[in-house]
Amino acid sequence: MGRHFGNLAKVRHVITYSLSPFEQRAFPNYFSKGIPNVWRRVTASFFKVAPPMTLMYLTYSWGNSVHQQGKRKNPADYENEE
């Protein structure tokens, strides 16, 4: 019938090591190193990310306001109608 999936090839000279998930700590150094690392990464990339995002927001809000102004009717066009 052939080989089963997972035993399709014989791999030689490859050694794998693994730990039991019960022997690992789920959140090692989470508060002592994790949160300061997140803060460092955010502050390092803030000035690379914030200016383009601000520019895009200002462009989007300006485009929406111009679109809303363009949809309005001009009252001077209808002054002399009855």
CD on E79 to CG on N74, rounded to 0.5 Å = 8.5 Å

inquiry  = For S32 versus P36, what's the shortest heavy-atom pair and its separation?
reply    = O-CG, 3.5 Å

inquiry  = Membership question, hydrophobic clusters at under 4.5 Å side-chain separation (ILVMFWY): are F27 and F31 in the same one?
reply    = yes

request  = State the CE-CZ distance between M53 and F46, to the nearest 0.5 angstrom.
outcome  = 10.5 Å

remark   = Shortest non-hydrogen pair, R40 vs T43, comes out as O-OG1, 3.0 Å

